[in-house]
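Read through the structure below, which is laid out as structure tokens, and then see the notes.
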Amino acid sequence: MRPRRGRDHGPVPELPEVESVRRQLAPRVQGRVIRAVAAVPQRRFLGVERAQGRRIEELGRRGKFLIATLSGGHELILHLGMTGMFRFREGGWEPDAYVRATFTLDDGVLDFRDVRRFGRLAVVPAGDYTAVPTLADLGPEPLSEAFTAQGLHRALAATRMPVKPFLLTQRPVAGIGNIYADEALWEARINPRARRVGPERAARLHAAIRAVLTAAIEREGTTFRDYQMVNGASGRNATFLVAYGQQGRPCPRCRAPLTRVVLAGRGTTYCTRCQQR
DNA sequence: CTAACTACCTGAACGC
DNA sequence: TGCGTTCAGGTAGTTA
């Protein structure tokens, strides 16, 4: 494989990356009591001090949001933003200048490190997501039965946005970001700018989203640089990407060079030959 | 209401 | 070599 051309920006955590973090974090934090929370003053942290003294009952996930159910009817919402990661104060990890919050648990210390400060933390009444609008209006989990080809078709028919920007709103389905949007649209042979997606193409996109996310979860996510799991390991999906970041390379299906454009302000790579509107 | 636009934030790559 | 500029990204807030 040729090295990637251009800038080597780390992808933000999307559903497979967040799920991989959740799987490592959950057994370590479930049942633990949060003795103290220390956070740098930050607009994107909402009421984190309310987590103090509460027990973490369960660590779940919706889309790219981690949701810790706390005792006392509260939830701790965690979003990794672009560069957020969790590390325990052990195994050679020492906090650096990019640690934005520290949770002292009854059995250890957990750091939230976030270089670019796009991550979010919020403690809210359980189920009350008015302070987190994307979560309040989040689409179905892509790997659950609630996500159907028919429902996706209905959602696509009801918007006038091009299909890729619409996917990125999190409304038709939860957890899709820039990487897996490009990958799924390539797999489904749908142009990212398409505004009319009929039932047949919606069914292909539905299947492609599931396939792409399932494979990425099996490889514990995509790492270019920033994303790493709680144990510091990288995901293994980067070398399997077919579309994202592959501009100039031949399309694996038709051998035409993949094209990169900017769509709704986001880098978008696709095949102009087999992803037609 | 929907959709489009912009701010946020930083370090690395770029380009002169 | 050095330094200013550009760019990546998800979400929230604002505007049309």
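Throughout, a chain's letter reflects where its sequence line sits, starting with A, and its residues are numbered from 1.
- With sequence neighbours left out, the side chain to side chain contact (heavy atoms under 4.5 Å, CB included) criterion links A:A188 to A:I190, A:R204, A:L205, A:A208.
- Residue order along DNA chain B, read from the 5' end via each residue's closest nucleotide, puts A:M161 first among A:R117 and A:M161.
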Do any side-chain atoms of residues 192-201 of chain A form donor-acceptor pairs under 3.5 angstrom with protein atoms, and if so which ones, sequence neighbours left out?
unit_1	atom_1	unit_2	atom_2	d
A:R195	NH1	A:R160	O	2.5
A:R201	NH1	A:Q276	O	3.2
A:R201	NH2	A:R196	O	2.6

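- Listed pair A:T83 / B:dT10 fails the phosphate criterion, with no side-chain N or O lying under 4.0 Å from OP1 or OP2.
- Rounded to an integer number of Å, the gap from NZ of A:K64 to C1' of C:dG9 is 9 Å.
- Rounded to whole Å, the distance from NE2 on A:H79 to C1' on B:dC9 is 15 Å.
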Contacts table for residues 176-183 of chain A: side-chain donor-acceptor under 3.5 angstrom, sequence neighbours left out:
unit_1	atom_1	unit_2	atom_2	d
A:N178	OD1	A:K164	NZ	2.5
A:N178	ND2	A:G267	O	2.9
A:Y180	OH	A:E17	OE2	2.6
A:Y180	OH	A:T222	OG1	2.7
A:D182	OD1	A:K164	NZ	2.8
A:D182	OD2	A:T269	N	2.9
A:E183	OE1	A:V242	N	2.8
A:E183	OE2	A:V242	N	3.3
A:E183	OE2	A:A243	N	2.7
A:E183	OE2	A:Y244	N	2.8

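- Residues from residues 163-178 of chain A that place a heavy atom under 4.0 Å from any atom of DNA chain C, listed by number: A:Q170, A:G177, A:N178.
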Return all side-chain donor-acceptor pairs below 3.5 angstrom for residues 145-159 of chain A, not counting sequence neighbours, or 'none' if the list is empty.
unit_1	atom_1	unit_2	atom_2	d
A:T148	OG1	A:G151	N	2.9
A:T159	OG1	A:M161	N	3.1

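- Screening residues 18-40 of chain A for salt bridge (charged side-chain N to carboxylate O under 4.0 Å, His left out), with sequence neighbours left out, gives A:E19-A:R22, A:E19-A:R23, A:E19-A:R61, A:R28-A:E90, A:R32-A:D106, A:R32-A:D107.
- Taking atom OH on A:Y180 and atom C1' on C:dG10, their separation rounds to 15 Å, with Å as the unit.
- Atom CD of A:Q42 and atom P of B:dC8 are 13 Å apart (whole Å).
- Not counting sequence neighbours, the partners of A:Q30 by the side chain to side chain contact (heavy atoms under 4.5 Å, CB included) test are A:A26, A:E58, A:L59.
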For nucleotides 12-14 of chain C, give me every protein contact, N/O to N/O, under 3.5 Å, one pair per line with atom names.
unit_1	atom_1	unit_2	atom_2	d
C:dA12	OP2	A:T134	N	3.1
C:dA12	OP2	A:T134	OG1	2.3

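- Among the atoms of the strands shown, none is found under 4.0 Å from any heavy atom of A:G265.
- A:R260 comes within 4.0 angstrom of sugar-phosphate atoms only, judged by non-hydrogen atoms across all strands, and of no base.
- For A:R55, the side-chain hydrogen bond (donor to acceptor under 3.5 Å, both in side chains) partners two or more places apart in sequence, or in a different chain, are A:E57.
- Closest contact between the side chain of A:Y98 and the listed nucleotides B:dC8, B:dG11, C:dA8 involves B:dG11.
- At a threshold of 4.5 Å between non-hydrogen side-chain atoms, the residues A:L105 and A:F88 count as touching.
- Whole-Å rounding puts the A:M82 CE to B:dA7 C1' distance at 14 Å.
- Judged by closest nucleotide on DNA chain B, A:R160 is the one of A:R160 and A:R266 placed further toward the 5' end.
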Working note: A:E14 + A:K64, criterion salt bridge (charged side-chain N to carboxylate O under 4.0 Å, His left out); need CA distance, chi angles, decisive distance, verdict. CA-CA 6 Å; A:E14 303 180 30; A:K64 306 173 196 174; 5.5 Å; no
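- The CZ-C1' distance, from A:F118 to B:dT6, rounds to 12 Å in whole Å.
- Nucleotide C:dT11 holds its C1' atom 14 Å from the CG atom of A:L121, rounded to whole Å.
- Comparing the start and finish of the helix from B:dT2-C:dA16 to B:dC16-C:dG2, five pairs each, the helix axis swings through 50°, to the nearest 10 degrees.
- When the side chain to side chain contact (heavy atoms under 4.5 Å, CB included) test is applied to A:P257, no partner is found at least two apart in sequence or on another chain.
- In this model, a side-chain donor or acceptor of A:R116 finds a partner on the base of C:dA8 within 3.5 Å.
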Show me the donor-acceptor pairs, under 3.5 Å and distance only, between side chains in residues 129-139 of chain A and residues at least two apart or in other chains.
unit_1	atom_1	unit_2	atom_2	d
A:Y129	OH	A:E75	OE1	2.7
A:T130	OG1	A:D128	OD1	2.8

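- Among all heavy-atom pairs drawn from A:A51 and A:I34, the shortest one is O-CB, 3.7 Å.
- A:R44 contributes a side-chain N or O that forms a donor-acceptor pair with the base of B:dC8 under 3.5 Å.
- In this entry the distance linking CZ of A:R193 with P of B:dA4 reads 12 Å, nearest Å.
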